Novice: 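Mind looking over this structure? Questions follow.
Numbering of ligands and ligand atoms starts at 1, following listing order. Residue numbers count from 1 along this sequence. Worth saying up front: this structure is predicted, and the values here are computed from it rather than measured.
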Amino acid sequence: MIPNFAPANEAAIPLTLVRPTELEATLAALDPAQQAWARSQGFAAKPGESLALPGPDGNITQALVGLGSDEARRRGRFLAASAASRLPAGTYHITSGDPADITETALGWLLESYRFDRYRKQDAARASLVAPDGIDVPRLRTIAQSECLTRDLINTPASDMGPAELAAAALALADSLPGCTAHVITGDDLLTANFPMIHAVGRAAAPHRAPRLIELTWGTTGPALTLVGKGVCFDTGGLDIKPASSMGLMKKDMGGAATVLGLARMIIELRLPLRLRVLIPAVENAIGSDAFRPQDILTSRKGLTVEINNTDAEGRLVLADALALASEADPALIISMATLTGAARVAVGPDLAPFFTDDDGAAAALSASAARVADPVWRLPFHTPYEAQIEPGLADLDNAPSGGMAGAITAALFLRRFVTAPYIHFDIYGWQTSAAPARPKGGVGQGARAILDALPALLKL
Ligand code: BES
Ligand code: MN
Ligand code: ZN
């Protein structure tokens, strides 16, 4: 489902964004009947509070939406945009407010109107918004539509979003974007092309769900940026099988792939001056007679050997081969995004996207962008002293250190072993556990908007 602004419309209902400090002045400027109505309703400009004001004939002629105090706004994001779900049906036009508030509200409005309607018709959002004046509408539209692509990909169950369908979605995206080309390596060709760990993790799946390496490229000038996304279309845990309670959500284990595809769409539609490459190892971590086993030792594309101590630590394996390929081209920056560890969730919960980088400047740029665009991230350390934990002895690396302490960090350190370019790694959750403003329950992108905002600083564009 693709959200969009309503066409410009003379009859759209004017909507005023109101800060509590401006409440009195806003009410005083209304005509006496509407002012009396607003006061009797107790409108206080709390975040997301909405009030439709009737004219003399009872039709709605104006709407107020509260922005809340600075303190109240710290408790959430896109709070004003949640009014989109509460205002009466109609087309609205934001006529006043500062540009930053209008931008967040307009983007949030589009994101709030997202519905996953592939399997069942869903009630469409009743309140639509005309593109506001004075803000970068094409940018917001692209961001919202790309985020909704990410959500659709995550929400689609593994029965309809296996490695083949994920590759088809990437090819369809490339087709829709001028200058973007796609290439897919499938099944046993992964062995010939030297992606042994992608093959090992994905080989137990049925033949029509064989593993793949998906590649998209776009752009001819500027610094090279490579995005790598974990595309585990379903994670059973493999032979070290997950308990049912942990497996329940594992259709979302391609959330990293979905997020980098959404981010790629934003970068390409906005024509950022860079050369983009997207790499997605797409596999199903299945259980079968040919499944890779605990204590197997795999030789990676880079030549490092890896002892498997848990087949459920599969994401780092498929990413490692993709990161090695990415590094061979010496790009200016590699960013990986992956639903990599449960430990990241324990550390920061579902709402914050932890990221790792050795570059303090990049970390500062990302944190600043995250705050600016309401896409929260938090830096965790590549703590080098923990390297010993990923070194088992029989092989160069251990995919699942015993003890499980600092699991998000040891997973990140594992990935870093395969990278020789400037590097940022995101360990995302990709799922909204309960509905929040602009984020219905279900698949959700994390970090993409922060990265998009930070790219000029990260790549000196
Ligand atoms: N896909 C999971 C991580 C995950 C689980 C992300 C739940 C979000 C929610 C990953 O493949 C995994 O199973 N990781 C293991 C690694 C462990 C075996 C070293 C984990 O985190 O438990
Ligand atoms: Mn796993
Ligand atoms: Zn996984």
Novice: With no hydrogens and no angle check, just 3.5 Å: does a side-chain donor-acceptor pair link Ser327 and Tyr423?
Specialist: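 Result is no, nothing qualifies.
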Novice: Testing the 3.5 Å rule here: is there a donor-acceptor pair between the side chains of Tyr114 and Asn155?
Specialist: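 Asn155 and Tyr114 do have a side-chain donor-acceptor pair below 3.5 Å.
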Novice: Donor-acceptor pairs under 3.5 Å, side chain of residues 390-409 to any protein atom, not counting sequence neighbours: which ones?
Specialist:
unit_1 : atom_1 : unit_2 : atom_2 : d
Glu391 : OE2    : Arg417 : NH2    : 2.5
Asp396 : OD2    : Thr305 : N      : 2.9
Asp396 : OD2    : Thr305 : OG1    : 3.3
Asp398 : OD1    : Asn309 : ND2    : 3.0
Asp398 : OD1    : Ala400 : N      : 2.8
Asp398 : OD2    : Asn309 : ND2    : 3.3
Asn399 : OD1    : Asn309 : N      : 2.7
Asn399 : OD1    : Asn310 : N      : 3.3
Asn399 : ND2    : Asn310 : O      : 2.8
Asn399 : ND2    : Ala313 : O      : 3.0

Novice: I'd like to verify the contacts: list protein N, O or S atoms under a distance of 2.8 Å from the Mn ion (ligand 2).
Specialist: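 The answer, once waters are left aside, is Asp235 OD2, Asp312 O, Asp312 OD1, Glu314 OE1.
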Novice: Given Ser146, which partner from the list Arg151, Arg141, Arg265 fulfils the side-chain hydrogen bond (donor to acceptor under 3.5 Å, both in side chains) test?
Specialist: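 Going through Arg151, Arg141, Arg265 one by one, the side-chain hydrogen bond (donor to acceptor under 3.5 Å, both in side chains) with Ser146 is satisfied by Arg265 alone.
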Novice: Could you walk me through whether Lys251 and Asp235 pass salt bridge (charged side-chain N to carboxylate O under 4.0 Å, His left out), step by step?
Specialist: CA-CA 7 Å; Lys251 72 171 181 182; Asp235 184 8; over 6 Å; no
Novice: Given that the side chain starts at C-beta and the backbone is N, CA, C, O, which of these parts of Asn310 lies under 4.0 Å from ligand 1, counting heavy atoms, or is it both or neither?
Specialist: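 Only the side chain of Asn310 comes within reach of ligand 1.
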Novice: Can you sort out the partners of His383 under ring-ring contact (aromatic ring centres under 6.0 Å, His included), two or more places apart, ordered by chain and number?
Specialist: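 With sequence neighbours excluded, His383 shows a ring-ring contact (aromatic ring centres under 6.0 Å, His included) to Tyr386, given in chain and number order.
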Novice: Using a 4.0 Å cutoff against the non-hydrogen atoms of Thr339, which atoms of ligand 1 qualify?
Specialist: 1 (N), 2 (C), 3 (C), 6 (C)
Novice: Using a 4.0 Å heavy-atom cut-off, say whether Leu340 meets ligand 1 through its side chain, its backbone, both or neither.
Specialist: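 Answer for Leu340: backbone.
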Novice: Within ligand 1, which atoms have a heavy atom of Met250 less than 4.0 Å away?
Specialist: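 Here the atoms of ligand 1 in question are 1 (N), 5 (C), 7 (C), 9 (C).
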Novice: For ligand 1, which atoms have a heavy atom of Arg316 less than 4.0 angstrom away?
Specialist: 16 (C), 19 (C)
Novice: Compute whether any side-chain donor of one residue and acceptor of the other, for Ser69 and Arg73, lie under 3.5 angstrom apart.
Specialist: no
Novice: Which atoms of ligand 1 sit under 4.0 Å from any heavy atom of Gly342?
Specialist: 3 (C), 4 (C), 20 (C), 21 (O)
Novice: If you draw a sphere of radius 2.8 Å around the Zn ion (ligand 3), how many protein N/O/S atoms end up strictly inside it?
Specialist: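 Atoms of protein N, O or S type lying less than 2.8 Å from the Zn ion (ligand 3) total 4.
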Novice: Just jot down the ligand 1 atoms closer than 4.0 angstrom to any heavy atom of Glu314, in number order.
Specialist: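 In order of numbering, the contacting atoms are 11 (O).
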Novice: Minimum heavy-atom separation for Pro437 and Ser82, please, with both atom names.
Specialist: CB-CB, 3.8 Å
Novice: What I want to check is whether the side chains of Thr339 and Asp253 have a donor and an acceptor closer together than 3.5 Å.
Specialist: yes
Novice: Counting only nitrogen or oxygen atoms and a 3.5 angstrom limit, does Asp235 reach ligand 1?
Specialist: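 Yes - when backbone and side-chain N and O of Asp235 are compared with those of ligand 1, one distance drops under 3.5 Å.
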Novice: Pairing donors with acceptors under 3.5 angstrom, does anything connect the side chains of Asp427 and Thr341?
Specialist: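 Short answer, yes.
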Novice: So, Glu147 and Arg449, do they make that salt bridge, N to O below 4.0 Å?
Specialist: no
Novice: Short list, please: which atoms of ligand 1 are under 4.0 Å from a heavy atom of Lys242?
Specialist: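 Those of ligand 1 that fall under 4.0 Å from Lys242 are 2 (C), 12 (C), 13 (O).
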Novice: Report yes or no: do Tyr429 and Asp351 form a side-chain donor-acceptor pair below 3.5 Å?
Specialist: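 No.
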Novice: Checking side-chain polar atoms at under 3.5 Å, does Arg416 have a donor or acceptor matched by the opposite partner on Thr384?
Specialist: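 Yes.
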Novice: Under a 4.0 Å threshold between the charged nitrogen and the carboxylate oxygen, would Lys230 count as salt-bridged to Glu314?
Specialist: yes
Novice: Taking the basic N atoms (NZ, or NE/NH1/NH2) and the acidic carboxylate oxygens, is any pair closer than 4.0 Å for Glu328 and Arg301?
Specialist: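 Yes.
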Novice: Which of the numbered atoms in ligand 1 are under 4.0 angstrom from any heavy atom belonging to Lys252?
Specialist: 8 (C), 9 (C)
Novice: Nearest protein heavy-atom contact for atom 15 (C) of ligand 1: which residue, which atom, what distance?
Specialist: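 The closest heavy atom on the protein side is Asp312 O, 4.0 Å.
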Novice: Considering distance alone, does some N or O of Asp253 sit under 3.5 Å from an N or O of ligand 1?
Specialist: yes
Novice: Under 4.0 Å from a heavy atom of Lys230: which atoms of ligand 1 are those, numbered in the order shown and with their elements?
Specialist: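 In order of number, 1 (N), 10 (C), 11 (O).
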Novice: Please confirm whether Thr341 comes within less than 3.5 Å of ligand 1 when only nitrogen or oxygen atoms on both sides are compared.
Specialist: no
Novice: Applying a 4.0 Å heavy-atom criterion (strictly less than), which segment of Met247 is in contact with ligand 1: side chain, backbone, both, or neither?
Specialist: neither
Novice: Do any N or O atoms from the side chain of Asp290 and from the backbone of Ala204 form a donor-acceptor pair under 3.5 angstrom?
Specialist: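 Such a contact is absent between Asp290 side chain and Ala204 backbone.
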Novice: Does the pair Arg115/Asp123 count as a salt bridge with the N-to-O cut at 4.0 Å?
Specialist: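 Not counted as a salt bridge, because no side-chain N and carboxylate O are separated by less than 4.0 Å.
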